[in-house]
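All chains are named by letter (A, B, ...) in the order of the sequence lines, taking the proteins before the strands, and each is independently numbered beginning at 1.
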Amino acid sequence: MSERVHTLLPGSRIWVSTFHRFCAKLLREHGRAVGLNPNFSIYDTGDQQQLIRQLLHDLNFDSAHFPANKINARISQAKNELLSPEKYITRYGEGIGTHLEAVVAKVYPAYQKRLLEANAVDFDDLLVHVAMLLAEQDPLRVELDQRYRFILVDEYQDTNQAQYQIVTALSQIEPNLCATGDPDQSIYGWRGARIENILRFEHDFPAVTMIRLEENFRSTPEILKTADRLIGYNIHRKAKRLKTDNVSGEAVELRLYRDGQHEANSIANEIAALIESGERRWKDFAVFYRVNALSRSLETAFSRQRIPYQMAGGVAFYERVEIKDLLAYLRLIENPQDRIAFLRVVNTPTRGIGKRSLEKLVQWADGIGWNLIDASRQRVPIPALPKRAAVQLRTFAAMVDELSQANCGTVEALLQLILKRTGYLQQLEASPDEMDSQRVGNIEELISAARQYDEQEHENDHASSLTGFLETATLTQDIDSLDESTGTVTLMTLHAAKGLEFPCVYLLAVEQNILPHERSLRQNDARQLEEERRLLFVGMTRAEEKLVLTHTVRRELHGRSLSTIPSVFHDELTVELRDLTGAEDFQFLDSTDHDLRFDRDDFSNSHQTDDEHETSMPSVPELEKHHADGEPWQQRKPPVGQTRSGLRLTTGAALKSGTKQSVELQTGFAIGMQVRHPRYGLGTVIETSGLSKNRTVTVEFAADARRECFVAAKCPLQPIGLR
DNA sequence: GGCCAGTGTCTTTTT
DNA sequence: GACACTGGCC
């Protein structure tokens, strides 16, 4: 967004940022009024829950009965509604609300107090503090109102109460406010977003000019029509019709696969085929899913097929243990009051400072109001603290002091020093665990992120500030790191997809309990179901030319494989049905063990009889209905023979596009192939046997010559080339 | 008192 | 399947 704006208006003084970043910046300048020093820490969800867990312990609440994540959600909800701890107590205190609310009424004030003592804020606080500042400090409000003369809020339908107040407060004297948004794309209700904000905009700002953007320049009429029809099933909605003059394209497909593997492999094959035929480029493709857990099978299939992909979200980079550990060191250096950071790293890597010792330290430090690092440094004996632990604490404090003094150059240099002085890297490098060598890789990535940050700050004539780097690390969503230019397939959740567009979109698992998600069905709340429908709508309208929705007969999730139920949304779509459950999954039908090359025509012929193995062909969900408006469904149940043509069209696309000259296909495992296993590391395939789903592969691992046999279809082995 | 392995629980979406 | 918590061992 920022790049686009600055390209359109070079040299203009426009600041583009998220609400959270904007607020963080304001608080660095003006936070003292709410008790924050400029070097405050920003706590992420993990930090928040850690703090809440400590509080539950201190307040003698059973953390099994009152889980930290639930309490955290309640506190966050309260903050989104600008409900202060005091107001919360009045509303839900003892004897008024539920048991959980009574606990929250105790934890919330303590939580807020602890945050302030640690000179820290959580995500919600960034907004809440600023909203309060603007409400209570009129001179500041006036100053900022005049500073930001023109404000544009994108995706206004996703603003919450706090954001609404901030925007309004900054648009009094200079009421030059422009909001863009679409109520049909409101997908953040669960985190406090209020559609009303956009619906009542005209009321809030009576001098408004409303511009309706009903013409769509992105999608084909086919895509638009089915999306438009779907969203029409939402009752709580301002009716509108989407139109386009774009040329007609392919029909939207709804495909049925056997299971997630089949689905992932087939999509991977199809993409590979479309690339090979020269029709498409990698970056034309995106795959969306409702929950991050669904990305796994795709990742496996894509790596096997050597399809370059980038993923937004997932196990977010900055949430990995090793990254969080190192960031905690940085945080502690920057903000010695940061208790959560201290407790995270004081015994990482282990230094013989255990839980009991830390309890004593905390007790003593709290008694005299010191922060933990100062308490560790001092030499007066702490009651009941073993001498050994006291010595270790002092050593740790001295090390942190030394590191703090080194905090005057680049962030990269500081990180390098931390790695060296703490022995963190050494410990990982010494470990035989493959996971740990991946961690080393992640750390290298962090270092290069730090280097980039340093360079950027240098270019802008700023000194590298640790605060700035930490802020970037905490507030950068993974989607920001997606690179449009890299030419890779993009994988992401439906939420992350908002605002983007791709020529070809695959939207996975349109199944009951996934989309709509089971949690939205639990309370039988029509509004929650409508949000799920909007989510599907958002996903579909990202597609420019080709849109494929999928579902499967069985779905493996949470470690279990269950029969699926077609999504309630199936009946609301105008799509072409395609049952691919009988299609061969040629992923594991590589030719001979020693030769990866094969002739694709031979291949296709030799397996045409394999259909017999497919005993039960699941019936296509009954979709042959007619909508009330009499519009005929384009959906049709394929006659038996059509399954095969389905094969030819999908997996067959790969066959068709294959030229006579054999092409090296990296789909199967062959003897001599080098592979990588997440746990055992590098190895060589020494044996394969069985066919299709039963195919097994035996690997000898380099590290300890151990031999393991895997089911090819299920194992996380990744081919890394032939020896 | 600390460390590690094994067990049990919960499992959406994001800043 | 990831992570917090418990219990046994050093």
Under the criterion of centre distance below 5.5 Å and interplanar angle below 30°, is A:His517 classified as stacked on the base of B:dT12?
yes
Side chain of A:Ser357: nearest nucleotide among C:dG1, B:dC3, B:dG2?
B:dG2
Under 3.5 Å, is there a donor-acceptor pair between the A:Arg554 and A:Ser561 side chains?
yes
Whether the A:Asn119 and A:Asn39 side chains hold a donor-acceptor pair (N or O, under 3.5 Å, no angle test) is what I'd like checked.
yes
For B:dT12, take OP1 and OP2 only and decide whether either is under 4.0 Å from a side-chain N or O of A:Ser520.
no
A:Arg290 side chain: which of B:dT14, B:dT13, C:dA2 is closest?
B:dT13
Measuring to OP1 and OP2 of B:dT12, would you say a side-chain N or O of A:Asn513 lies under 4.0 angstrom away?
no
Residue A:Pro386, side-chain atoms from C-beta onward, closest of B:dG1, B:dT12, B:dT11
B:dG1
Out of B:dT14, B:dT12, B:dC3, minimum distance to the side chain of A:Asn292 belongs to B:dT14
Choosing from B:dT14, C:dA2, C:dC5, which nucleotide comes nearest the side chain of A:Arg53?
C:dC5
Can you classify the ring geometry of A:Tyr88 versus A:Tyr108 as parallel (below 30°), tilted (30 to 60°) or perpendicular (above 60°)?
perpendicular
Which nucleotide sits closest to the side chain of A:Thr350: B:dC3, B:dT14, B:dG2?
B:dC3
Between A:Arg296 and A:Glu299, does at least one N-O distance fall below 4.0 Å, as a salt bridge requires?
no
Under 5.5 Å centre to centre and under 30° between planes: does that hold for A:Trp190 and the six-membered base ring of B:dT13?
yes
Measuring from the side chain of A:Ala496 (C-beta onward, heavy atoms only), which nucleotide among B:dC3, B:dT14, B:dG1 has the closest atom?
B:dT14
Side chain of A:Arg519: nearest nucleotide among B:dG1, B:dT12, C:dA4?
B:dT12
What nucleotide, of B:dT11, B:dT14, B:dC3, holds the atom closest to the side chain of A:His558?
B:dT11
Can you tell which of B:dT13, B:dT11, B:dG2 lies closest to the side chain of A:Val291?
B:dT13
